[in-house]
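Below is one structure, written out as structure tokens; comments come after it.
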Amino acid sequence: MSSFLTNHGIVVALVCAACAVVYGLLTTRSLLSLSPGNERMRSISRAVQEGASAYLNRQYTTIAGVGIVLFVLLIFLQNIAVAVGFAIGGILSGAAGYIGMNVSVRANARVAEAARSGVSKALSVAFRGGAITGLLVAGLAVLGLAGYYGLLTLAFGDSQKTAVDALIGLSFGGSLISIFARLGGGIFTKAADVGADIVGKIEAGIPEDDPRNPATIADNVGDNVGDCAGMAADLFETYAVTAVAVMLLGVLTFTNATQVALYPLVLGGVALIASIIGTFAVRTKTGNVERALYQGLIVSGVLAAAAFAPITYWLMNGLHFSSATGSAPGWLHLYLCALIGIGVTGLLFLITDYYTSTRFSPVKKTAKASITGHATNIIQGFGSGLQATALPAIVIALGIFGAWKLAGGGTTGIYGIGVAVMGQLSLMGLIVALDAFGPITDNAGGIAEMADLPEEVRNVTDPLDAVGNTTKAVTKGYAIGSAALAAVVLFAGFRQELAAHGGTAVNLSFGINEPPVLIGLLIGGLMVCLFASLSIDAVGRAGGADFEEVRRQFRERPGIMEGTEEPDYATCVDIVTKTAQREMILPSLLPIVLTVIVGLIDTQLLGGLLIGVIVVGLFMAILMTAGGGAWDNAKKLIEDGAFGGKGSEAHAASVTGDTVGDPFKDTAGPAINPMIKVANIVAILIIPLIK
């Protein structure tokens with residue numbers, strides 16, 4: 001079996017990836033055969049589809065222009081193999097987000113229609129819609145990596161290092177799409193949300209998703225391009241970046257180059273099969289939606305953990321160092337590293353759920369603080385976000401330390417951390433499914449409201465939407481944790497590549513006692529804060545344009561509020577689309593341009609920058625996503641009747657807090673994840689210029 005995996009590991013990974021893609025296609029066919037409801041429901045769903053497609057088409061056109069320039073530069077900076085990998089990574093990452101978005105905007109009406117038959121049926125339809133995105137993202141990631149690696153090994157023969165170097169280009173292509181998708185989608189969704197909430201709820205006093213609100217369709221479009229397409233591109237990139245970094249470290253550290261290069265690909269492939277099986281465990285007879293979703297994740301995790309043991313034994317038993325003394329880590333140690341990754345995932349889910357769910361103290365305190373006004377709501381929510389950074393940081397630190405020690409410390413310890421991240425990412429298919437479940441159920445509730453469906457339908461879609469908000473929050477926590485761990489491995493890859501290209505002892509050392517390193521740390525922290533600032537400013541400007549348009553329509557067309565005149569939804573969608581496209585360019589290019597400039601000045605300065613980006617980025621991302629989630633769910637808790645309910649002063653204060661938290665949790669916070677990895681990937685790619 002060991003010989004079979006060593007010789008045919010690529011085939012195993014490709015077959016598993018093909019199974020995930022086939023699952024996605026078959027489930028899509030089954031889903032689209034369901035009824036999308038009456039004509040009014042179909043009309044609303046079509047409007048969301050058209051808006052989402054128009055946005056992504058324009059976004060990918062913008063990215064393509066940047067991508068062509070970078071493709072040409074990579075040919076001269078690296079080689080044609082790296083440039084082709086860059087194109088493959090970008091195309092597959094974009095395809096994952098585009099396909100997932102197209103499925104989710106068609107699943108929404110079908111979930112609303114299924115809600116007529118109860119929670120169990122609606123849950124099944126909503127989760128299957130999310131699972132299509134999740135399995136396609138994971139399947140395309142493994143397919144792209146294993147397929148291109150197979151072609152490269154045919155081209156370069158036994159030169160595993162050359163083949164893996166070319167895969168760095170693929171990971172950079174995924175990173176480019178990810179940062180644009182996360183940022184552009186985040187700007188769109190929160191700008192639309194600001195217009196819908198401030199003018200609709202506060203000024204006009206109409207409910208959320210009221211069809212009289214001109215920003216409602218834009219808001220529903222934003223849920224899909226931000227939370228569905230954005231998260232898909234984000235985790236595709238994380239998976240590709242981490243797998244390539246682990247492969248790079250492996251071939252630089254051990255003599256068993258073929259085995260260590262195949263290991264993360266085979267792990268990823270087997271985890272896809274576990275994820276497919278896990279989707280069938282998502283069902284409920286009692287109506288407990290959250291439990292049904294998490295039992296699917298648990299089943300996948302248990303199956304993946306069981307499958308990792310024999311694979312690790314067959315591929316990784318008997319490792320030998322490339323140039324070192326001592327003994328390499330045994331297969332059992334590496335297997336335990338993979339289990340640490342799965343454990344870190346579970347703990348991050350629990351911690352994020354605690355800080356963002358309406359069931360627990362942080363959200364309840366934020367909601368209660370709304371009674372005394374807008375300022376106290378903001379203070380409490382921000383405080384919860386700051387507090388929420390502590391436990392994830394401790395969990396990540398313990399995970400890093402445990403994996404590092406198990407794998408023997410030093411360079412092999414870093415490889416162990418990489419294996420832990422691969423264990424963490426093994427659940428990516430199900431986790432993206434949980435995230436995509438959120439916008440699907442949110443849209444389903446909106447369609448039920450706008451189509452004036454019976455109250456019993458909203459009694460089904462509202463609980464699904466509430467759980468969807470929680471799953472979106474916890475998957476963001478997962479994405480942040482995986483980004484931080486992946487960045488540690490990427491930084492180690494940067495140092496290894498620097499050494500392989502003839503770096504001196506000085507520029508391989510990044511001690512804080514060296515002034516260039518300290519300066520780099522400050523610049524790295526500055527880059528994160530500036531990136532977040534530009535992102536939030538962009539939401540403010542785009543949101544301002546949107547709610548001015550909503551105000552104009554209410555002012556100039558009084559028939560809208562009277563129900564005698566249809567609002568102009570398309571104009572709001574168009575305004576937010578154009579603004580988001582314009583605003584995403586500068587912050588998206590910041591980590592590329594600044595990293596290159598710093599790298600050309602000094603290698604130690606660049607190393608310090610990367611460390612600063614990792615540390616400051618981790619805390620800023622958790623603060624923003626957890627704090628924003630607390631503000632959001634505090635509003636929902638009040639809307640469910642707590643502390644005065646809808647229309648109360650506490651409700652008005654909570655809407656303000658939610659509006660502040662929106663760009664935190666859905667724009668700047670999540671976009672920091674790809675920003676961290678882009679900076680590290682760019683640093684590796686420019687080594688030929690700075691060695």
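Source: prediction; values computed, not measured. When a residue number appears, it is its place in the shown sequence, counting from 1. Basis for what follows: all heavy atoms, side chains included, without hydrogens, waters or symmetry-related copies.
- For Thr372, the side chain to side chain contact (heavy atoms under 4.5 Å, CB included) test picks out Thr376, with sequence neighbours left out.
- Asp435 is linked by a side chain to side chain donor-acceptor pair (under 3.5 Å) to Thr475, counting only residues two or more places apart in sequence or in another chain.
- Partners of Tyr263 under the side chain to side chain donor-acceptor pair (under 3.5 Å) rule, at least two apart in sequence or in another chain, are Thr312.
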Could you list the donor-acceptor pairs under 3.5 angstrom formed by side chains in residues 517-536, with sequence neighbours left out?
residue, atom, partner, partner atom, Å
Ser535, OG, Phe531, O, 2.7

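- Annotation: ring-ring contact (aromatic ring centres under 6.0 Å, His included) contacts involving residues 392-431, sequence neighbours excluded, comprise Phe254-Tyr415.
- Proximity of Tyr313 to Tyr335: side-chain heavy atoms (C-beta onward) are nowhere separated by under 4.5 Å.
- Remark: Ser482 engages no residue in a side chain to side chain donor-acceptor pair (under 3.5 Å) (not counting sequence neighbours).
- Heavy-atom minimum distance, Ser426 versus Ala304: OG-CB, 4.4 Å.
- With sequence neighbours left out, the side chain to side chain contact (heavy atoms under 4.5 Å, CB included) criterion links Ile298 to Val302.
- Note on residues 611-639: pairs passing ring-ring contact (aromatic ring centres under 6.0 Å, His included), not counting sequence neighbours, are Trp631-Phe664.
- Evaluation of the side chain to side chain contact (heavy atoms under 4.5 Å, CB included) rule for Asn288 yields Thr286, Glu290, Arg291 as partners, not counting sequence neighbours.
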List the atom pairs, with distances to 0.1 Å, where a side-chain N or O of residues 385-398 and a protein N or O form a donor-acceptor pair under 3.5 Å, not counting sequence neighbours.
residue, atom, partner, partner atom, Å
Gln387, OE1, Tyr355, OH, 3.1
Thr389, OG1, Leu386, O, 2.7

Contacts under 3.5 angstrom, residues 239-251 side chains, donor-acceptor by atom type, not counting sequence neighbours:
residue, atom, partner, partner atom, Å
Thr242, OG1, Thr238, O, 2.7

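- Scanning for side chain to side chain donor-acceptor pair (under 3.5 Å) contacts around Thr279 gives Tyr23, with sequence neighbours left out.
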